[in-house]
Structure formats: C-alpha cells, structure tokens
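Residue numbers start from 1 in every chain, and the chains themselves are labelled A, B, ... in the order their sequence lines are given, proteins ahead of strands. On a predicted model such as this, the values are computed, not experimentally measured, just so you know.
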Amino acid sequence: MDEGLRSELSKQGVFTIKLEELYNWGRQNSVWPLQFGLACCAIEMIATSMARYDLARFGAEVFRPSPRQADLMIVAGTVTKKMAPQVVRLFNQMPEPKYVIAMGACAISGGPFKEGYNVLKGIDRYIPVDVHIPGCPPRPEALIHAFMTLQRRIDEQKLTGPDRARHLDAGVSGEYPVPRFGEHDLEPPNNAAVWKPPLVKPES
Amino acid sequence: METLEQIRTRVQIGAPGTLLAIIPNDSPANQPSLLVDSAHAVAVARFLRDDPELRLDYCSNVTGVDWLDAELTEKFKVKKIVDGGEKEVEEVKKTSRPGYLEAVYHLYSMEKKLGPVILRQRTGDRTDQVHLTSLTPIWRGCEFQEREVWDLYGIIFEGHPDLRRILMWDGFKDHPMRKDYVPPDDYEYEPTPHDEVLARAKEHQARPAV
C-alpha cells in the first residue's frame, strides 16, 4: 500500500495495516514466559518482573507455571547434564509459537562451571535459542534488552513464504529429541540439527 | 579439648582391639587426624559420640580423597667416611606407596561446644577393595554425604541404608572426582580457550572427523 495514501487515511481516522503486522504486534506484546529458574540468574529474572523494572510494561508479566500456557522459555541459570533432558522436555511441552532466551553465562556456554563434569556447555546444544544474554548474572536491564530484541524478532517474522515462522510451517516439528542418560555422558552430546560448532581456525 | 593422643588412648580402652593411628598434618592448619580401621569404625564412632567427655554428636562433613600410586622420597643425613675423614652425606630413600581412597569425617560436639575431631578410613586399593563401613547408623547426617562420596569417588559404604548416586544419574558409570577420570570430549568449540582448555580444544581439533 502506498505510504502517502496510508498517511492520508490515518488523518481521517482510518487506520490500515497488514494482517502480518497486526498479528505480530499482538503476539509480541503478550509473550508469557514459563516460570522456572535454575540458579542465581533466576533472582535477576524475578527482579525484572517486579515493580522496579516491571516487565509488565512489555506485556510479559504473566509467568505461567505450566509449559502448556507459556510462549517463552527463559533459561535462567546453570543447566546440569542431569537437568538438561527435563529442560528439553519442558520446551517440547510448550505449544507453538515458542521462543527461548538463554540468560547468563551458564545458560549460553556453561559459564564459570564449564569444565565441570556435570555441566552442559550451553542449552543451545539441544534447543534453538533466539536470544543469548551474556553476564554473570545479567542485570535486569539486560534481560529487558533481550526481551525487546525478541519482540523485534517476532515483529520481523513472516506469515507466508519459504522463510515463514516455524509454527506456520506444517512440515517442521516443534519437538526436539530429548537426550538420554548415557554411561559416560548425555547421548547424543548435542543435537546437530540445532547446534553446529562455529568453525575454529587452527592456530598457525 | 583433650589432645588427639589422649583421645586415642581412651578409645583404645573403650573399644578394645581397635587399630588407631594418628596422621600428622604438616600444613599451616596443623590438624592431625585419627585413622581407624574400617572393621572397628562403628565401635569407635559410637564411643566418640557417647563418651561423656567428648559427646561428638554432630558430623559436619564427609569428604572423599583419592590418593594415586605415588613414589615417596625421604631425605636424611648419614655419616660416612669419605677420603679418610668423616662427613655428613645426604641420602635419598625412595619408597613406592600404592594408591587408596579415603573418607574423612569432621566431628563436632554441639553439647560440649568442641571440635573438630577428624576421623579417617582408608580403602585397600583404588579398584576392587573399595569397601568401608558406613557411619550413617551413628550420625544420621552422613547419609547424603556418604552417597556423594560413593557417587564421586566410588567408595562403597557397607551398612548404608540407601547407597545410590546423588549428583549424577543412576546409569552413570564413572566417578568424576577421581584423579584419573577422563571427562567426555566436548571441546568442539571454545570461544575463549586458554591454558588447559586450549590444550584440550587443540587436541579435539587435531582429531580426524568421524
């Protein structure tokens, strides 16, 4: 639609908008996070949802105790290998459309406990992460920034076409394989469909 | 509080036939400990808990220690006749010590406000003679900590009411705090490798792709 005509119409009190924009505007302003925390980052997440930082300004104050009612998983804290299958299972139980924010050094990479025998080196080895936040723990402002980044990404999602959003593509499953407890490690150690190690240049 | 020597003498009267050794500690902490044979561990523990002088009613901590096979070197001076004259010569004596696992208990008395008294048990070796006596029947608080020692070091506590893994999952086979534990190779990618991690990451990259 012509921008000039749209502007002219809005002066007359007629607002025109694409369905895609309306749909995404509605979705991005009512993202309900799943209420679960794994470690100290959860304290910052709680602070973010309280009066001082007030995540309610972004329509995300309704932390849901059930994955069936949640749109967003905030992985707040260290994911141990023993906990990882449960986190993936919770993500599988969330209905589409669903998003993941990996909050803090541990959730994105293992953080200070990276070399621990029971620490997963980042939840992005098993589920697709939309926004990563570094920090140990990140400030509430950082979580709000991540949240606004996620809103922008939701806003950019396409409803049709080959690069449409995952939840609108009937051929793509929203479920991810849950790792099994092996004798020495989780099996498989990562999900190759969602996680590929960046190419590391060998030291010359 | 009594000295450890006094405690040892009284324990040997109270629980006859017990082998008790005092393990000195040369570090700044200077905390010697009592080494007890696992056959008499429960009797000794009961004595320490019920003794009216000590009343060690609280076991604050149970730890595991892994001692690998080691070669101990001892230096001592010997007088020798060299070139007709007597001289002091330093000689080095080497003894090899087989490895073992150790469980360490830190005991306090809430009633008498004293402690710690440190109790140790040692296994025969690191592979098949890894059985020790559980002290959970004496101090209930040892239950989870002995489970943790089993999980991470692989010491089997006889007489423990519920010896299962506590931090790792049930099907896990290794004991990760042992010094010869090899962690799984998940060093595919390290954003900021340094020191040991850099070595591991290089090792991984040098490996041919499967």
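With a 4.5 Å cut-off on non-hydrogen atoms, B/L152 touches chain A through its side chain but not through its backbone. A/K114 touches chain B through its side chain: at least one heavy atom from C-beta onward sits under 4.5 Å away, while N, CA, C and O do not.
Atom CZ of A/R52 sits in a sparse spot, with 12 or fewer heavy atoms from other residues, nucleotides or ligands closer than 6.0 Å. The environment of B/E196 atom CD is sparse: at most 12 non-hydrogen atoms of other residues, nucleotides or ligands sit within 6.0 angstrom. For CZ of B/R97, the number of neighbouring non-hydrogen atoms (other residues, nucleotides, ligands) closer than 6.0 Å is greater than 12. The local environment of CH2 in B/W67 is sparse, with at most 12 non-hydrogen atoms from other residues, nucleotides or ligands closer than 6.0 Å. Within 6.0 Å of atom NE2 in B/H131, more than 12 heavy atoms from other residues, nucleotides or ligands are found, so the atom counts as buried in its surroundings. Crowding of B/R178 atom CZ: a count of heavy atoms from other residues, nucleotides or ligands under 6.0 Å exceeding 12.
In this structure, B/W169 and A/F181 have parallel ring planes: the angle between them is below the 30° cut-off, well short of the 60° mark.
Shortest non-hydrogen contact noted between A/K82 and B/M168 is NZ-O, 3.4 Å. Here the closest heavy-atom approach between residue A/K121 and residue B/D186 is recorded as NZ-O, 3.2 Å. For the pair A/H184 and B/D174, the tightest heavy-atom approach, listed with the atom from each and the gap, is ND1-OD2, 2.8 Å. In terms of heavy-atom proximity, B/L167 sits nearest to A/Y117 at CD1-OH, 4.2 Å.
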